[in-house]
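See below for the structure under consideration.
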Amino acid sequence: MINRTVVTRFAPSPTGYMHIGNLRTALYSYLIAKHENGTFILRIEDTDRERLVEGATDVIIDTLRVTGLRYDEGPGVGGENGPYVQSERKDIYLRYAEELVRRGAAYYCFCSKERLEALHEEDGVGGGYDRHCRDLPKEEVEANLKAGIPYVIRQKIPLDGTTTYEDAVFGTISTENKELQDQILMKADGYPTYNFCHVVDDHLMGVTHVVRGSEYLTSTPKYALLYDAFGWKRPVYVHLPLLMGRGEDGTVSKLSKRHGAVSFADLTADGYLPEAIVNYIALLGWCPKNTENEFFTLDELTRAFSLEGINKSPSVFDYEKLLWFNGEYIRKLSPEEFKKRAIPFIKDLPAPEKLDRILPLVQPRIGKLSEIDGKIAFFSRLPDYDAAELFQNKKNKITPDAAKDMLPGLSSVLSDLTEWNNDALYAVLTAHAEKSGVKSGALLFVARAAVSGLSVTPGGATEIMDILGKEETLARLETAAKRLA
RNA sequence: GGCCCGUUGGUCAAGAGGCUAAGACAUCGCCCUCUCACGGCGAAAACAUGGGUUCGAUUCCCGUACGGGUCACCA
């Protein structure tokens, strides 16, 4: 079933959290492979020793599991081209870098960090390495190496000409070689840079489609040059439009931490469903052909996905629409499933039999699970309220005085009631309203406010009274009467 | 600043030389209704700009503006 005609990879660096932009890249990468029944690889890029975060890889793996993005090769599942963690492949990169030196496409550089910093200060933005070591005599290089002088290995970029590549989304991208830096391939600490090791790994792992954010669009010529220098076949490049966020000042920029809760974990902790998140971000930068449907399971996305549907322009992450999607997904949940997901978000869990009756009331009324608690808390405990304010409603012509007049009748009718359920309650109360010459809407408004302490509730007066039970209902009516007195 | 990329309603977006320029979210209105939601119906709302090419440009080309990305021993 699985084949290697299309091999993609998701190659995050373990920074401690799964950014939503990264998730979207992972998703597209997965979809591109799986649409063709290809192979999807997870590779951990942990060559930056200073930024290592403990447990970060677990966050990545966990996110992929929860979202259903199963990888065929990678940490934990193995594969024929492992290991899939770059720090565990450290020794192979130097070999390839030296190979490049031999081929004349790279060179040793002994410049100190201090010298480089000085260069930067001199040139300001747009400066760069002055290629000081590019043409060091062989003997000097040998001597320096022997003397143990720290070195890096840099890519020898052609001084003139242009480098061109085809991007599956953006088309032909052409760059003047003189715009490119002799970037560092191997760092002084013996670790490779991303610029180098991802090329080596992608080749070694048979990656056919490199899927990543468009922030790499301008550095890709350097990578293409690396493939060429090795004599390797260049992969298909698929650069994805950026995901943008709106900052507090209203400006739009690359989605990142500064825009607040945009990590997958933050979103799920706030009660967004993984499947809703996946569905929503799939539509950010991609649009299905020949359909106006917006709801897709992962399988449906896999079938519908196509490179041609990917946009070039950046898109703004919109919480409003995510919230709507999420609400739709919540409404589609079976009562059992909803309950399972809702429980972790409820602080004071009502008795099981009550919970089962409360939950259906909130399910259609929330956008995210974290909204549940605030909506149902009144069932467990009558909130404090200002009676003068609560029993005031212009539409139903409710005033505190009017409410005060209704309460005794309500209590007496209800205390006489033997059959306590929604239908019976509704029948009795509407009949009572008619008898007293009050609009049923008004009476029920007062009843609901008294029994909940709120002007807005999930469910109507009779539904709430039904769940509360006779005793509690009458007690709350009593309380309301006292507060109105 | 250099280089690269982008630009259809507030947001996501369809469109691919000739359309009354889709649809969705959000907004507003109406309906439903024991409040609020849900649901139904409807409204308002867009081709950044100047020049070409063409019988005809949102669509192709060039410039301008605006936005974004990138210029690390980070990925």
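By convention in this document, chain letters (A, B, ...) are assigned in the order of the sequence lines, proteins followed by strands, and residues within each chain are numbered from 1. Just so we're clear, the structure is a prediction, and the values are computed from it rather than from any experiment. Values below: every heavy atom of this structure, side chains too, minus hydrogens, waters and symmetry copies.
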Describe the nucleic acid contact of [X] in one word from base, sugar-phosphate, nothing, applying a heavy-atom distance below 4.0 Å.
{"X": "Glu328(A)", "answer": "sugar-phosphate"}
{"X": "Ser219(A)", "answer": "nothing"}
{"X": "Lys113(A)", "answer": "base"}
{"X": "Glu292(A)", "answer": "base"}
{"X": "Tyr280(A)", "answer": "nothing"}
{"X": "Cys197(A)", "answer": "nothing"}
{"X": "Tyr216(A)", "answer": "base"}
{"X": "Val152(A)", "answer": "base"}

Can you tell me how far [atom1] in [N] sits from the matching atom in [M], rounded to whole Å?
{"N": "U59(B)", "M": "C19(B)", "atom1": "P", "value": "13 Å"}
{"N": "U11(B)", "M": "C30(B)", "atom1": "P", "value": "27 Å"}
{"N": "A37(B)", "M": "C31(B)", "atom1": "P", "value": "15 Å"}
{"N": "G10(B)", "M": "A45(B)", "atom1": "P", "value": "11 Å"}
{"N": "G23(B)", "M": "C66(B)", "atom1": "C1'", "value": "28 Å"}

Is there a Watson-Crick or G-U wobble partner for [N] with both distances under 3.5 Å, and which nucleotide is it?
{"N": "A75(B)", "answer": "none"}
{"N": "C55(B)", "answer": "G18(B)"}
{"N": "G23(B)", "answer": "C12(B)"}
{"N": "G6(B)", "answer": "C66(B)"}
{"N": "C47(B)", "answer": "none"}
{"N": "C41(B)", "answer": "G29(B)"}

Heavy-atom closest pair, residues Pro12(A) and Arg43(A):
CD-O, 3.2 Å

Taking atom types as they are modelled, would you say the side chain of Lys321(A) forms a donor-acceptor pair with the base of A26(B) within the 3.5 Å cutoff?
no

C12(B) base to Ser315(A) side chain: any donor-acceptor pair below 3.5 Å?
no

Of all the choices, [options], which nucleotide is nearest to the side chain of [X] once you look at every atom?
{"X": "Val456(A)", "options": "A72(B), C36(B), C34(B)", "answer": "C36(B)"}
{"X": "Leu116(A)", "options": "C73(B), A72(B), U7(B)", "answer": "C73(B)"}
{"X": "Leu284(A)", "options": "C12(B), G69(B), U11(B)", "answer": "C12(B)"}
{"X": "Arg365(A)", "options": "C74(B), C34(B), C36(B)", "answer": "C36(B)"}
{"X": "Thr462(A)", "options": "A13(B), C34(B), A26(B)", "answer": "C34(B)"}
{"X": "Val316(A)", "options": "C12(B), A75(B), C73(B)", "answer": "C12(B)"}
{"X": "Thr218(A)", "options": "C25(B), G69(B), G6(B)", "answer": "G69(B)"}
{"X": "Met244(A)", "options": "G10(B), A75(B), G68(B)", "answer": "G68(B)"}
{"X": "Arg51(A)", "options": "A22(B), A75(B), A72(B)", "answer": "A72(B)"}
{"X": "Asn311(A)", "options": "U11(B), G6(B), A14(B)", "answer": "A14(B)"}

Reckon [X] has a side-chain N or O less than 4.0 Å from the OP1 or OP2 of [N]?
{"X": "Tyr426(A)", "N": "C34(B)", "result": "yes"}
{"X": "Lys289(A)", "N": "A16(B)", "result": "no"}
{"X": "Ser313(A)", "N": "G68(B)", "result": "no"}
{"X": "Lys439(A)", "N": "C34(B)", "result": "no"}

Establish, from distance only, whether the side-chain atoms of [X] and [Y] form a donor-acceptor pair under 3.5 Å.
{"X": "Gln86(A)", "Y": "Asp46(A)", "value": "no"}
{"X": "Asn279(A)", "Y": "Tyr329(A)", "value": "yes"}
{"X": "His239(A)", "Y": "Thr220(A)", "value": "yes"}
{"X": "Thr172(A)", "Y": "Glu166(A)", "value": "yes"}

Heavy-atom nearest nucleotide on RNA chain B taken for Ser214(A) and for Trp286(A); more 5' hit belongs to Trp286(A)

When the nearest nucleotide of RNA chain B is assigned to Gly285(A) and to Phe325(A) on a heavy-atom basis, which residue is associated with the more 5' position?
Gly285(A)

Run Phe317(A) and Tyr280(A) through ring pair (Phe, Tyr, Trp, His ring centres under 6.0 Å) and show every step you take.
CA-CA 9 Å; Phe317(A) 187 89; Tyr280(A) 174 62; 5.4 Å; yes

Does the Arg89(A) side chain pair with the main chain of Pro83(A), one donor and one acceptor, at a distance under 3.5 Å?
yes

Do Leu273(A) and Phe325(A) have side chains that get closer than 4.5 Å, going by heavy atoms?
no

